[in-house]
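Computed from a predicted model, the values in this text were never measured in an experiment.
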Amino acid sequence: METSVPEGFELFSGIVGFVETTGPLYVKYADGQAYCGLRIQDKHCNIANICHGGMLMTFADMQLGIGSQVANKIGKFLPTVHMSCDFVSPAPNGAWLEGRTTVIKQTRKTIFATCVLTADGENVFSGTGIMKIPGDNGQFKDIVLPSRG
């Protein structure tokens, strides 16, 4: 099974807790954007040996947050308040899963964004998300994700 990581991707330094169990997660910073990546492994797959839908949603949630943070130069953790998705095509075991984010709009308290995930270059998932921009005094005020974008 393929195990390589494409050029430009590095291990994401914010791997803790749940993300640690679902990773390893990689990220590439280029052109003011953050692209998440993951090599699909057995642990990510369902009984059909394709990436489990819940794993795709977890990965998309990370892509939406990290991608929005970098694109809009926000150095804060962006908790997801809403997410919807479409499973476009199966993502096979061993494929390189990669995401990209497009920020649709930022308001004072929220970011609206979309993401597309590809497996070995083929579209497999699309999603939309709304992320909260934490205030300076709230519950998430001290949480900062690592960023290089």
Side-chain angles (χ1 to χ4, degrees), residues 1-106 110-134 139-140 143-149:
M1 179 182 304
E2 179 71 39
T3 59
S4 67
V5 174
E7 187 175 333
F9 281 87
E10 59 191 55
L11 197 58
F12 181 64
S13 60
I15 297 176
V16 295
F18 182 70
V19 178
E20 187 174 25
T21 65
T22 57
L25 181 68
Y26 295 88
V27 65
K28 176 173 77 173
Y29 301 100
D31 305 319
Q33 302 291 319
Y35 305 90
C36 292
L38 176 116
R39 179 67 64 190
I40 299 172
Q41 301 173 15
D42 290 344
K43 70 178 183 175
H44 303 127
C45 292
N46 59 25
I47 196 167
N49 203 34
I50 58 175
C51 192
H52 190 283
M55 182 63 216
L56 290 172
M57 290 181 72
T58 296
F59 184 83
D61 184 47
M62 294 294 296
Q63 177 62 54
L64 284 163
I66 295 167
S68 295
Q69 178 198 30
V70 171
N72 285 29
K73 298 176 176 58
I74 297 173
K76 297 180 178 184
F77 170 65
L78 302 174
T80 305
V81 296
H82 177 79
M83 185 174 158
S84 63
C85 67
D86 295 299
F87 301 99
V88 177
S89 184
N93 194 351
W96 177 254
L97 188 64
E98 188 171 321
R100 69 179 181 275
T101 299
T102 301
V103 174
I104 304 302
K105 181 175 176 117
Q106 177 181 334
T110 55
I111 293 180
F112 299 83
T114 64
C115 76
V116 173
L117 307 184
T118 61
D120 289 341
E122 299 293 323
N123 289 344
V124 296
F125 180 100
S126 65
T128 61
I130 303 171
M131 283 71 61
K132 177 177 177 42
I133 301 172
Q139 175 182 359
F140 302 114
I143 302 172
V144 178
L145 288 178
S147 174
R148 286 193 17 209

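Put simply, CG on Leu97 and OG1 on Thr118 are 7.0 Å apart, with the number rounded to the nearest 0.5 Å. Here Phe87 contributes atom CZ and Leu117 contributes atom CG; the two are 9.5 Å apart, rounded to the nearest 0.5 Å. To the nearest 0.5 Å, atoms NE2 (His52) and NZ (Lys43) are separated by 15.0 Å.
Under the ring pair (Phe, Tyr, Trp, His ring centres under 6.0 Å) criterion, Phe59 pairs with no residue at all, not counting sequence neighbours. Legend: residues meeting side chain to side chain donor-acceptor pair (under 3.5 Å) with Thr101, ordered by chain and number and at least two apart, are Gln63. Contacts of Gln106 classified as side chain to side chain donor-acceptor pair (under 3.5 Å), with partners at least two apart in sequence or in another chain: Asn72. Applying the side chain to side chain donor-acceptor pair (under 3.5 Å) criterion to Asn46, with sequence neighbours excluded, gives no partner residue. Scanning for ring pair (Phe, Tyr, Trp, His ring centres under 6.0 Å) contacts around Phe9 gives Trp96, with sequence neighbours left out. Annotation: side chain to side chain donor-acceptor pair (under 3.5 Å) contacts of Ser89 (sequence neighbours excluded): none.
Looking only at distances, no side-chain donor or acceptor of His44 sits under 3.5 Å from a matching main-chain atom of Asn93. Judged purely by atom type and a 3.5 angstrom limit, Arg39 uses its side chain to pair as donor or acceptor with the backbone of Ser4. Judged by distance alone, the side chain of Lys28 and the main-chain N or O of Gln33 form no donor-acceptor pair under 3.5 Å.
Heavy-atom minimum distance, Ser68 versus Met131: OG-CE, 3.4 Å. Scanning both residues, Val124 and Ala119, for their nearest heavy atoms gives CG1-CB, 3.7 Å. Contact detail for Met57 and Met83: the closest heavy-atom pair is O-CE, 3.3 Å. Considering every non-hydrogen atom in both Ala60 and Phe125, the closest pair reads CB-CE2, 3.3 Å. When all heavy atoms are compared, the tightest approach of Cys45 to Ile40 is SG-CG2, 3.7 Å.
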Inset, instruction - Report the C-alpha separation of Leu11 and Val5 in whole Å, then their side-chain angles, then the decisive distance to 0.1 Å, and conclude whether the side chain to side chain contact (heavy atoms under 4.5 Å, CB included) test is met. - result: CA-CA 10 Å; Leu11 197 58; Val5 174; over 6 Å; no

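Met55 is listed as a side-chain neighbour of Leu38, based on a closest heavy-atom distance under 4.5 Å. With a 4.5 Å cut-off on side-chain heavy atoms, Tyr26 and Glu98 do not count as touching. Under the 4.5 Å side-chain criterion, counting only non-hydrogen atoms from C-beta, Cys36 is in contact with Leu25. For the pair His82 and Phe112, the minimum side-chain heavy-atom distance is 4.5 Å or more. No side-chain heavy atom of Leu64 sits under 4.5 Å from any side-chain heavy atom of Leu78.
Pairs of residues two or more places apart, or lying in two chains, that qualify as side-chain hydrogen bond (donor to acceptor under 3.5 Å, both in side chains) and include a residue from residues 120-131 are Ser84-Thr128.
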